[in-house]
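Note that the numbering runs from 1 along the sequence shown for the chain. What you see is a predicted model, and the numbers here were worked out from it, not measured in a lab.
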Amino acid sequence: AASDVYKRQTVEGGKVTIPVVRKKEVVNESFLLSEVEYTKFDEEENEFKISLPADHHVIRGAFFENAEAFDAFKSIFDK
């Protein structure tokens, strides 16, 4: 289930690992909090965009068990 996938995001010492779909496969991708150029939350779409120098990720609220879990993830990026 999609919700199981997103239970795998981890944060350790400034390194964030999230599951990302690449070529229809789920792979874990890591980046450092210090690499994040900006983040943006789209309330209408309930999506959280993470912009990195060479990439960006769109994290959907629907992948989290509930709004609290999504808020907890987004709060990692509060600087």
A.B. asks: Scan the side chains in residues 40-54 for donor-acceptor partners under 3.5 Å anywhere in the protein, sequence neighbours excluded, and list what turns up.
C.D. replies:
from  : atom 1 : to    : atom 2 : distance (Å)
Asp42 : OD1    : Glu44 : N      : 3.0
Asp42 : OD1    : Glu45 : N      : 3.1
Glu47 : OE2    : Arg60 : NE     : 3.2

A.B. asks: Tell me, please, which residues at least two apart from Lys74 pass side chain to side chain donor-acceptor pair (under 3.5 Å).
C.D. replies: Asp71
A.B. asks: Please name all residues satisfying side chain to side chain contact (heavy atoms under 4.5 Å, CB included) with Ala69, sequence neighbours left out, ordered by chain then number.
C.D. replies: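 Ala69 satisfies side chain to side chain contact (heavy atoms under 4.5 Å, CB included) with Phe64, Asn66 only.
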A.B. asks: With rounding to the nearest 0.5 Å, note down the distance linking NZ in Lys15 to OG in Ser34.
C.D. replies: 12.0 Å
A.B. asks: Holding to salt bridge (charged side-chain N to carboxylate O under 4.0 Å, His left out), I want the full list of residues that pass it with Glu29, two or more places apart in sequence or in another chain.
C.D. replies: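 For Glu29 the salt bridge (charged side-chain N to carboxylate O under 4.0 Å, His left out) partners, ignoring immediate neighbours, are Arg22.
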A.B. asks: Hydrophobic clustering (ILVMFWY, side-chain heavy atoms < 4.5 Å, transitive) - are Val11 and Phe73 grouped together?
C.D. replies: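 Yes; tracing contacts between hydrophobic side chains, which count when under 4.5 Å, links both residues.
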A.B. asks: Apply ring pair (Phe, Tyr, Trp, His ring centres under 6.0 Å) to His56 and list each qualifying residue two or more places apart in sequence or on a separate chain.
C.D. replies: none
A.B. asks: Report the C-alpha distance between Phe31 and Thr17 in whole Å, list the side-chain angles of each, state the deciding distance to 0.1 Å, and finish with yes or no for side chain to side chain contact (heavy atoms under 4.5 Å, CB included).
C.D. replies: CA-CA 7 Å; Phe31 56 89; Thr17 302; over 6 Å; no
A.B. asks: Looking at every non-hydrogen atom in both residues, tell me the closest pair between Pro19 and Asn28 and how far apart they are.
C.D. replies: CA-OD1, 3.7 Å
A.B. asks: Evaluate Ile76 against Leu33 for side chain to side chain contact (heavy atoms under 4.5 Å, CB included), listing each step before the verdict.
C.D. replies: CA-CA 9 Å; Ile76 294 162; Leu33 282 174; 3.8 Å; yes
